[in-house]
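We're numbering straight along the sequence, starting at 1.
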Amino acid sequence: QVQLVQAGGGLVQPGGSLRLSCTASGSIVDIFTMGWYRQAPGQERTSVALIILPDTTQYEASVQGRFTVCRDNATTTVYLQINELKHKDKAVYYCRIWAVDMEYWGNGTLVTVSS
């Protein structure tokens, strides 16, 4: 069973930066979407940044220009560079890889924004 291993996250001051990564533990074939979601306390999980393969990106409006999603084919890794962090960005961030026959989710990583 392939798992998605997330890294990054933590406590950052407003205006700071973070880089999240998500790597598949094995091979995943026929991937068509990779990306990141987040879930703030008491709210639903929502899409933040997606790559629709090969390289079409989509961003939630509030993160446009601050977040960048990219991927590494060789390692089946998806990254999320987060800049200019704001208090409203505080959430658990989940990665997702969606293949033709199956979707995979990471376990989540907490991003906290506090001065």
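- Think of Val100 as one node in a network of Ile, Leu, Val, Met, Phe, Trp and Tyr side chains linked at under 4.5 Å; its network also takes in Phe32, Trp98.
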**Report entry** Worked check of side-chain contact (heavy atoms from CB on, under 4.5 Å) between Val2 and Thr76
**Finding:** CA-CA 11 Å; Val2 174; Thr76 313; over 6 Å; no
Report task. Could you please spell out the steps behind the side-chain contact (heavy atoms from CB on, under 4.5 Å) verdict for Leu53 and Ile31? Result -> CA-CA 8 Å; Leu53 273 59; Ile31 296 171; 4.0 Å; yes
Requested in this report: Could you please spell out the steps behind the side-chain contact (heavy atoms from CB on, under 4.5 Å) verdict for Tyr79 and Thr68?
Outcome: CA-CA 8 Å; Tyr79 299 95; Thr68 303; over 6 Å; no
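- Taking SG of Cys22 as the reference point, atom CG of Leu80 lies at 10.5 Å (rounded to 0.5 Å).
- Remark: side-chain polar atoms of Tyr59 are paired, donor with acceptor, to backbone N or O of Val69 under 3.5 angstrom.
- Under a 4.5 Å side-chain heavy-atom cut-off, the cluster of Ile, Leu, Val, Met, Phe, Trp and Tyr residues that includes Val92 is completed by Tyr37, Leu50, Tyr94, Trp105, Leu110.
- Of all heavy-atom pairs spanning Cys95 and Val78, the tightest one is CB-CG1, 4.4 Å.
- In Asp72, the CG atom is crowded: over 12 heavy atoms of neighbouring residues, nucleotides or ligands sit closer than 6.0 Å.
- Closest approach of Gln1 and Ser25 over heavy atoms only: O-OG, 4.2 Å.
- When all heavy atoms are compared, the tightest approach of Ser17 to Val12 is N-CG1, 3.9 Å.
- Shown here are the side-chain hydrogen bond (donor to acceptor under 3.5 Å, both in side chains) partners of Gln39, two or more places apart in sequence or in another chain: there are none.
- When atom types are taken as modelled, the side chain of Gln58 and the backbone of Ile52 share no donor-acceptor pair closer than 3.5 angstrom.
- The minimum heavy-atom distance linking Thr77 with Ser21 is given by the pair CG2-CB, 4.4 Å.
- Taking every heavy atom of both residues into account, Ala99 and Val29 meet most closely at CB-O, 3.4 Å.
- With values rounded to the nearest 0.5 angstrom, Gln13 atom CD is found 9.5 Å from His87 atom NE2.
- The structure places CD of Gln64 at 7.5 Å from OG1 of Thr57, a figure rounded to the nearest 0.5 Å.
- Rounding to the nearest 0.5 Å places CD1 of Ile51 at 10.5 Å from CH2 of Trp36.
- Nearest heavy-atom pair, Leu20 versus Gly9, reported as atom, atom and distance to 0.1 Å: CD2-N, 3.1 Å.
- Under a 3.5 Å cut-off, the side chain of Gln3 and the backbone N or O of Asn107 do not form any donor-acceptor pair.
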Requested in this report: Go through the steps for Val63 and Arg38 under the test side-chain contact (heavy atoms from CB on, under 4.5 Å), then give the verdict.
Outcome: CA-CA 12 Å; Val63 309; Arg38 68 184 178 186; 3.8 Å; yes
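- The CD1 atom of Ile28 sits 11.5 Å away from the CD atom of Glu103 when rounded to the nearest 0.5 Å.
- By the 4.5 Å heavy-atom criterion applied to side chains, Thr33 and Arg96 are not counted as neighbours.
- Here Thr109 contributes atom OG1 and Tyr93 contributes atom OH; the two are 10.5 Å apart, rounded to the nearest 0.5 Å.
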